[in-house]
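Each chain gets a letter, A, B and so on, in the order the sequences are listed, and its residues count up from 1.
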Protein chains: 4
Amino acid sequence: MARQVDENKINAIKKATVETVVIDGISGASISKIASKAGVSVGYLYRFYKGKRELLEALFEERFQMINNLLLDQVYTQNSVEDIVTFFVKTIYEIANTRPQSISFTHKLLSDFSFELPKEFKKDVTNICQRLIKLGHKTGEIDADITDEIIYVLLVGGVLNFVNIRQRRIFEDKEFTQEDVVKTTELLLKALSPNSKNSN
Amino acid sequence: MARQVDENKINAIKKATVETVVIDGISGASISKIASKAGVSVGYLYRFYKGKRELLEALFEERFQMINNLLLDQVYTQNSVEDIVTFFVKTIYEIANTRPQSISFTHKLLSDFSFELPKEFKKDVTNICQRLIKLGHKTGEIDADITDEIIYVLLVGGVLNFVNIRQRRIFEDKEFTQEDVVKTTELLLKALSPNSKNSN
Amino acid sequence: MARQVDENKINAIKKATVETVVIDGISGASISKIASKAGVSVGYLYRFYKGKRELLEALFEERFQMINNLLLDQVYTQNSVEDIVTFFVKTIYEIANTRPQSISFTHKLLSDFSFELPKEFKKDVTNICQRLIKLGHKTGEIDADITDEIIYVLLVGGVLNFVNIRQRRIFEDKEFTQEDVVKTTELLLKALSPNSKNSN
Amino acid sequence: MARQVDENKINAIKKATVETVVIDGISGASISKIASKAGVSVGYLYRFYKGKRELLEALFEERFQMINNLLLDQVYTQNSVEDIVTFFVKTIYEIANTRPQSISFTHKLLSDFSFELPKEFKKDVTNICQRLIKLGHKTGEIDADITDEIIYVLLVGGVLNFVNIRQRRIFEDKEFTQEDVVKTTELLLKALSPNSKNSN
DNA sequence: GATGAATGAGGCTTCATTCAT
DNA sequence: AATGAATGAAGCCTCATTCAT
């Protein structure tokens with residue numbers, strides 16, 4: 001029972017942090033603003049995070065863990081790149097709809113070089129990319145030229161990027177639809193697909 | 001001659017700002033650090049920018065102006081999407097090589113919603129995308145389904161994104177080569193290209 | 001029996017307070033540090049002391065009570081200043097050996113004017129000094145010129161001072177020996193002794 | 001001219017620091033209280049001292065430097081211990097009269113072990129004590145048994161101690177007079193003087 | 001025009017104190 | 001009774017901004 005309260009508060013802190021960072025930027029997100037938005041005292045927040053940086057890093061790590069785990073799960077169980085990409089895009093867009101700022105937050109920290117990438121991150125990412133490539137070569141869905149870097153840029157970077165731009169409201173301000181999932185997947189698969197010119 | 005001196009100093013301020021923001025983050029980039037890195041006094045900097053936020057916004061605007069002008073120039077003069085994309089990718093990668101932090105800076109502010117997009121921005125972007133689509137439809141390089149948003153996400157977002165991930169040193173830490181230009185262009189064109197399945 | 005437990009805990013609190021204040025300074029001695037060092041909860045500590053200041057004041061008072069009682073006992077029972085001084089010096093040095101921080105603590109608070117001297121303090125001190133002088137005049141151990149203030153400065157101040165400097169490790173870092181007792185007593189008696197020049 | 005202003009302000013900071021520490025204790029002396037008492041802004045203070053600790057340490061060092069220099073000067077030029085002690089006591093009491101808190105401040109930091117003694121301190125102190133002893137042996141003013149430690153405890157410790165107790169207003173609250181100088185010197189010389197019993 | 005010293009608002013963090021359990 | 005989680009006031013410090021020189 002007491003545990004429940006804690007979890008709720010910690011979640012409130014996380015939610016408030018993400019929200020504040022997304023709205024006000026990293027530098028505009030003060031601890032006291034976050035705490036008051038989360039409905040907890042400043043001191044309470046410090047019981048769980050040693051400081052502002054640690055709070056952001058923990059959330060950053062959590063997000064990337066989540067994304068990586070999502071893909072790791074898939075690359076070990078699915079039999080086609082299309083299924084994996086579809087599932088990934090669908091999941092991310094669903095998150096973007098239900099917790100729009102979550103994706104934004106991740107994208108923002110990814111572009112802030114003063115925040116280090118989580119430690120396990122590189123290993124997991126390499127693992128994911130290599131398995132995807134291997135699978136794609138087998139199924140003929142991925143061109144021989146595609147590198148780990150390209151896979152990552154397209155899949156993770158590309159999707160986060162799309163969400164970021166949608167949320168920037170440059171073109172229109174609407175939720176992600178099933179159609180968006182289909183289209184995005186299609187684009188990604190096309191980009192990855194074997195080059196018909198290279199028919200050697 | 002006096003003008004010349006000023007231009008040099010203003011450029012030094014801009015360069016120092018970009019560099020400092022990229023290395024230390026927005027909150028870590030203090031005006032005095034920027035000024036001293038630029039070799040000007042704090043007071044001098046304030047003669048040209050009303051404050052820190054205005055300085056960043058001016059640079060942000062400038063970057064997007066530059067990117068948009070780059071593309072506007074092209075869409076009005078080139079006759080194939082491929083040429084435009086090639087030129088754009090090449091130019092951005094060259095900047096990424098010579099002034100790596102410049103791209104980083106733009107990408108960072110693009111993901112920071114507390115910085116508004118420049119006013120003219122939306123109009124220019126729409127203009128660019130629509131002309132590209134129109135051209136692509138004529139030349140058969142762009143699928144009928146492709147929207148403005150997709151064009152922008154792929155072209156501008158995608159390229160900035162690639163630079164960002166390369167600079168994050170997730171995979172390898174190398175300069176952008178001509179090969180990178182070719183490959184990136186290829187991927188983008190593939191993604192945009194008419195869908196062979198949709199042959200209805 | 002229940003009482004016994006309490007006494008132990010209160011003593012633990014006192015010990016921990018003295019230790020922490022001496023090591024970390026007053027501002028560095030947090031209640032939670034003290035409580036955890038004492039093995040009691042913060043809340044428990046607050047059952048006995050209304051706050052940090054009261055805790056320190058109570059200990060300060062206790063120390064001076066102890067010192068004064070020590071001397072009061074003696075001045076009413078001993079027949080020579082030498083015996084009294086010897087006993088006092090011996091006792092203080094023993095405490096300095098067994099609980100070094102106890103003396104340090106007293107000395108520190110004595111020099112901190114934001115802590116008031118205990119109420120009964122002045123009366124007791126005057127009493128002690130006057131009886132010592134009276135006795136000293138009778139036995140010829142104390143010069144006619146010696147005032148209450150001088151007695152106190154030499155005896156209490158002087159001894160605490162010596163302990164403080166020894167513990168500061170300016171010269172050497174050793175325990176107080178019987179020799180130290182003898183020497184100190186000798187110095188004090190010499191200083192107090194009738195001035196041979198003033199043989200008028 | 002500009003320099004003059006600075007010196008005044010720095011002196012105001014020093015004065016305010018000493019005053020605040022003496023009245024409110026080290027822990028009660030907040031930077032903002034010190035700055036406002038000194039009539040400078042908080043930021044100004046930080047231009048000269050990296051933090052609260054550094055401010056206190058600098059003053060601590062300065063005081064001991066002063067005291068040591070006072071004595072070093074004397075031990076190299078005077079020909080009797082009496083002259084040196086008289087001069088020292090006179091000087092310290094004069095300071096105690098004109099800037100009472102200066103001495104108090106020094107005494108307080110001396111009893112706070114969380115503040116290190118200045119680096120040169122030990123060397124200077126040893127130097128002073130040894131020269132005093134050497135001189136005293138030659139002139140017959142100092143007993144063979146007197147150690148460095150005792151010299152220091154009596155001379156520096158003793159005098160600071162006296163000032164501290166006088167200022168604590170335990171007995172009376174009056175300025176230091178020429179008579180106090182004479183008496184104190186007399187006591188110190190008596191304590192140091194060769195022991196008539198030890199006529200072996 | 002240029003400078004950078006000076007200001008003080010506001011951010012981060014600690015910790016004395018309270019109070020529900 | 002005993003605990004220690006929770007609070008938020010207050011301290012330290014930084015730095016955007018101003019302004020006298």
- Under the side chain to side chain contact (heavy atoms under 4.5 Å, CB included) test, which residues partner D:Ala38, sequence neighbours left out?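 Counting only residues at least two positions away or on another chain, D:Ala38 forms a side chain to side chain contact (heavy atoms under 4.5 Å, CB included) with D:Ala12, D:Ile13, D:Ala16, D:Val40.
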- Query: Between E:dG8, E:dT3, E:dT17, which one does the side chain of D:Val42 approach most closely?
  - Reply: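 So the nucleotide nearest the side chain must be E:dG8.
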- Which nucleotide in the list F:dG4, E:dT17, E:dA2 gets nearest to the side chain of B:Ser41? E:dA2
- Message: Counting Watson-Crick and G-U wobble pairs with both distances under 3.5 Å, what is the dot-bracket string for DNA chain F, 5' to 3', using [ ] for crossing pairs and | for pairs to another strand?
- Response: .||||||||||||||||||||
- What is the minimum heavy-atom distance between A:Lys37 and A:Thr20, and which atoms define it? NZ-OG1, 3.4 Å
- At their closest point, which heavy atom of A:Ile26 faces which heavy atom of A:Lys108, and how far apart are they?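 What the structure gives for the nearest pair is CG1-CD, 4.0 Å.
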- Query: In terms of ring plane angle, is the pair C:Phe48 and C:Tyr44 parallel, tilted or perpendicular, where the classes change at 30° and 60°?
  - Reply: tilted
- Answer yes when B:Glu62 and B:Lys14 have at least one side-chain N-carboxylate O distance shorter than 4.0 Å, and no when they do not. yes
- Query: Relative to the 5' end of DNA chain E, which residue comes earlier, B:Gly43 or C:Arg53, by the nucleotide with the nearest heavy atom?
  - Reply: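 The residue whose closest nucleotide sits nearer the 5' end is B:Gly43.
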- Return the 5'-most residue of the pair C:Ser27, A:Lys52 with respect to DNA chain E, ranking by each residue's nearest nucleotide.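 With C:Ser27 and A:Lys52 compared, the 5'-side residue is A:Lys52.
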- Query: Within 45° of the ring axis of B:Phe115 and under 6.0 Å from its six-membered ring centre, is that where the NZ or CZ of B:Arg53 lies?
  - Reply: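 That pair qualifies as a cation-pi contact.
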- Taking it one step at a time, do C:Asp24 and D:Ser114 satisfy side chain to side chain contact (heavy atoms under 4.5 Å, CB included)? CA-CA 6 Å; C:Asp24 302 317; D:Ser114 64; over 6 Å; no
Taking atom [atom2] of [N] as reference, at what distance in whole Å does atom [atom1] of [X] sit?
X: A:Tyr44; N: E:dA16; atom1: OH; atom2: C1'; value: 20 Å
X: A:Asn8; N: F:dA6; atom1: CG; atom2: P; value: 12 Å
X: C:Tyr46; N: F:dG4; atom1: OH; atom2: C1'; value: 13 Å
X: D:Lys33; N: F:dG11; atom1: NZ; atom2: P; value: 7 Å
X: C:Asp24; N: E:dT14; atom1: CG; atom2: C1'; value: 14 Å
X: D:Ile13; N: E:dA5; atom1: CD1; atom2: C1'; value: 13 Å
X: A:Lys9; N: F:dA5; atom1: NZ; atom2: C1'; value: 9 Å
X: B:Phe48; N: F:dA16; atom1: CZ; atom2: C1'; value: 19 Å

- Query: Nearest nucleotide by nearest heavy atom, which residue falls closer to the 5' end of DNA chain F, D:Lys50 or B:Lys50?
  - Reply: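 Nearer the 5' end of the strand: D:Lys50.
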- Residue met sooner reading DNA chain F from 5', once B:Gly28 and D:Ser32 are mapped to nucleotides: D:Ser32
